[in-house]
Amino acid sequence: MGVISLKFFRGYWKSKFRKPMLMAADFLQFTASYFISWFVLARRIVFEQYIETMVLGYLFFIVIFFVVFWAFGMYESLWRYAEAYEFLKCMIAIMVAVGAFLAVTWVVFQPPRVEMRLPITVYFVSASAAGASTLFFRTAYRAFRANNARKRGGTKQKKVMVVGASETGVAVIQGLQRNPNQRYDVVCAVDDNPAKQGRKIQRVPISGMVNDIPRLAEKHGIEVILLAVPHVTGKEKRRISSICAKTNCTLKKTPDIFDFKDNEDDVAVSVISQIEDVSVEDLLGRDVVDIQRFKVKYLAGQTVLVTGAGGTIGSELCRQAAAHGASRLVMVDVVENGLYAVEQELIFKFGTAIGKGKFTLIAQVANIREEARLDRLFAEYKPNLVYHAAAHKHVPLMESAPEEAVKNNIFGTLNVARCAEKHGVRRFVLISSDKAVNPTNVYGATKRVCEMIVQSLHGDSDTEFVSVRFGNVLGSNGSVIPLFKAQIAAGGPVRVTHKEIIRYYMTVSEAVSLVMSAGEMASGGEIFVLDMGDPVKTLDLAEMLIRLSGHEPYKEIEIQFTGLRPGEKLYEELLMAEEGLQTTSNNKIFVGQPIDISPEYLFQTLNILKEAASTGAREELMDKLHELVPGFSGGGSGSGTAAFHR
């Protein structure tokens, strides 16, 4: 308690007396500059001749300097943190004070004679000396405090390399140097701009380019690499990350300096306060997508129903539907835990509950396999828009239980779609998958059948039925990233199915924003394909996650290759050869050319498929899937052509 009181007293004392102390220091140097100048320039002249002039001039001198300095706020700045702006302001204040003093003394004394020119010369020299000493002592104080802060960090500081010598990098270096509590010692910086090589930022040398990172890290014993390059492309970000991965350094990143310029007084402090660990999303190198530009207007004031609302995609659909102005949101899921979690999140965020305010939130536990239950929900809430995200999606589990995949994915979709058509839903959006393209597994085959159902229903309906197809979502429930993280936390091994397996990835917020944008531009019957960027090797992903966790792959954490699982592809496709591709007004969204489907044959075959799934006739079920889905290369046989006409 005594220590706390002492610190409080010292802080209060410094705050209360800082201005008077700074003014007293200026008073002493002003006085010294004035009289020393007189002594040096007038030492051979009888002082009695100018004593009155000297004293009167001194009074003017002190008053003018203090008035100008006060007007320029020279006693408001914290000089320990002073940068170029403060020193430029100080120089301008000095020039104004010198000019004002010379003007006043010329008017007051009006020296007509040659011998009176001496005071004017002395006044000029003394004023200039006072200004120079003021600037010198403030600069020296700033340098002393910065050096003292650096020393107080001691040996506990981690050696840091900053990647990027742009404005963000400069702000980071400035902030870290003057804040010893950050425990970071910036040793060097790198930048790919040749013009910056060999230069310095706040005494920190720009020692090389990005390719030099491993060499410089080893040479200087770097422990932390700080990425201050917020605007590089996804491809460049991946290149930088792969180079940094060759070191044993911890990777961190900073926000963009321009995020703070409009609302922060001290940009450098703001930037370093938000230094954070690099995420796997950063390392995968996807270009940053401004979600705010995907504004969708068709949701405003609408009643929106989301199936699978407790899942990764479904919950994000609910968040963004609410954010885009839906007046009523009906969330449907058979798993109560996830549904309850997203309900509470939205209630907290929007400050609303059922039936209160402009936004109504409704959570309903329901199974999409039960058409009667869905029919009652649609009749009661009368949704205008439906996002159908509910599905069984885990490939190995669906391989071992194809009947369940068919019941839930195919006939659950059919139930929701029929209810949407019956109750006059304006637009129905199916969340599909890249695994529906030339599927090698039951899950992908069922998703392709769902797309066919949606396309067939659109032909004779007032409801606009569309599908949106994309790849893997980073960090979704049951996906590879949470699995890898759990394996790393357990000390390994990390299990990868194949060295060459690749997948497309995107963030859930980006995926859902594009889904909603696709829904807005839909006219019905389309299969929208999202731009997934470049594919990523799962092995690279595993290695990056291990390094992010502070371990060395193969040495500290083992990686095992277990072989492809049943129904698993080495690579995923987003488009079938027959579909072609058309651009849209959004460069992240494309439209696949629809394949002609015979609705009569499709629904006849679905009836047989439903019976096979209900009775457990697996061989017949697989045969019918093969008949319905061209390119399905999973277990069983079939021509895969009967339902299609070209």
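In this text the structure is predicted, and so the values were computed from the model without any measurement.
Of all the heavy atoms in Met331 and Ala309, the pair that sits closest is CB-CB, 3.5 Å. Nearest approach of Lys407 to Ala613, heavy atoms of both residues: CE-O, 3.3 Å. Closest approach of Ser433 to Lys447, counting heavy atoms only: CB-CG, 4.4 Å. Residues Ser513 and Gln320 approach most closely at OG-OE1, 2.9 Å, considering heavy atoms. Nearest approach of Ala326 to Phe359, heavy atoms of both residues: O-CD1, 3.1 Å. Here the closest heavy-atom approach between residue Pro439 and residue Gly444 is recorded as CB-C, 3.6 Å.
Remark: side-chain polar atoms of Ser327 are paired, donor with acceptor, to backbone N or O of Gly301 under 3.5 angstrom. Remark: the backbone N or O of Leu609 is not paired with any side-chain donor or acceptor of Glu620 at under 3.5 angstrom. Judged purely by atom type and a 3.5 angstrom limit, Ser400 uses its side chain to pair as donor or acceptor with the backbone of Leu397. A donor-acceptor pair under 3.5 Å links the side-chain atoms of Asp333 to the main chain of Gly310, judged by distance alone.
The list of side-chain hydrogen bond (donor to acceptor under 3.5 Å, both in side chains) pairs with a residue in residues 380-391, not counting sequence neighbours, reads Tyr298-Tyr387, Thr307-His388, Gln364-Tyr381, His388-Thr413.
Leu414 CG to Cys450 SG: the interatomic distance, rounded to the nearest 0.5 Å, is 9.0 Å. Note that CG of Leu514 is 5.5 Å distant from CD of Glu510, once rounded to the nearest 0.5 Å. Taken to the nearest 0.5 Å, the CD1 atom of Ile501 stands 5.5 Å off from the CG atom of Leu564. Taken to the nearest 0.5 Å, the CD1 atom of Ile368 stands 7.5 Å off from the CG atom of Leu374. For the atom pair OG1 of Thr463 and CZ of Phe428, the computed distance is 9.5 Å after rounding to the nearest 0.5 Å. Rounding to the nearest 0.5 Å gives a distance of 12.5 Å between NZ of Lys499 and CG of Asp540.
Counting heavy atoms from C-beta on, the side chains of Asn415 and Glu370 never come closer than 4.5 Å. Counting only heavy atoms from C-beta outward, the side chains of Thr440 and Asn438 never approach each other to under 4.5 Å. Side-chain contact between Val416 and Phe378 is present, with heavy atoms from C-beta onward closer than 4.5 Å. When side chains are defined from C-beta on, Thr538 does not count as touching Thr497, because their heavy atoms never get closer than 4.5 Å. Residues Glu526 and Ser467 fail the side-chain proximity criterion, which asks for heavy atoms closer than 4.5 Å. Within the 4.5 Å cutoff, the side chain of Phe528 has no heavy atoms near those of the Val515 side chain. Here the side chains of Phe561 and Leu539 are in contact, with some heavy-atom distance below 4.5 Å. Considering only heavy atoms from C-beta on, Val529 stays 4.5 Å or farther from Val468 through its side chain.
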### Query
Yes or no on side-chain contact (heavy atoms from CB on, under 4.5 Å) for Val449 and Leu606, after CA distance, side-chain angles and deciding distance?
CA-CA 9 Å; Val449 175; Leu606 285 179; 3.9 Å; yes
#### Entry: Arg448 and Lys435: CA distance, side-chain angles, deciding distance, side-chain contact (heavy atoms from CB on, under 4.5 Å) verdict
CA-CA 8 Å; Arg448 176 58 191 145; Lys435 292 179 175 61; over 6 Å; no
### Query
When you look at Leu483 and Arg495, which way does the side-chain contact (heavy atoms from CB on, under 4.5 Å) test go after all the steps?
CA-CA 9 Å; Leu483 180 62; Arg495 295 180 176 87; over 6 Å; no
### Task
Would you check, one step at a time, whether the test side-chain contact (heavy atoms from CB on, under 4.5 Å) holds for Phe470 with Asp434?
CA-CA 5 Å; Phe470 54 91; Asp434 56 357; over 6 Å; no
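Of the charged side-chain nitrogens involved, at least one lies within less than 4.0 Å of a carboxylate oxygen, so that Lys537 and Glu500 count as a salt-bridged pair. Of the charged side-chain nitrogens involved, none lies within less than 4.0 Å of a carboxylate oxygen, so that Arg418 and Glu421 do not count as a salt-bridged pair. Under 4.0 Å is where a charged nitrogen must lie from a carboxylate oxygen, and between Lys624 and Glu619 no such pair does. Under the 4.0 Å criterion applied to side-chain N and carboxylate O atoms, Asp375 and Lys422 are assigned as salt-bridge partners.
In summary, the side chains of Glu451 and Ser432 do present a donor paired with an acceptor at a separation below 3.5 Å, with no hydrogens or angles considered. Side chain to side chain, Tyr443 and Glu399 fail the donor-acceptor criterion of an N or O pair below 3.5 Å. Residues Glu627 and Thr605 bring no donor and acceptor atom of their side chains to less than 3.5 Å of each other.
At most 12 heavy atoms of other shown residues, nucleotides or ligands fall within 6.0 angstrom of atom CD in Glu336. Counting non-hydrogen atoms of other residues, nucleotides and ligands closer than 6.0 Å to CG of Asp462 gives a total of 12 or fewer.
Screening Asn441, Asn409, Asn408 against Thr446 for a side chain to side chain donor-acceptor pair (under 3.5 Å) leaves a single residue, Asn409.
Among residues two or more places apart in sequence or in another chain, the side-chain hydrogen bond (donor to acceptor under 3.5 Å, both in side chains) test is passed with Arg618 by Glu403.
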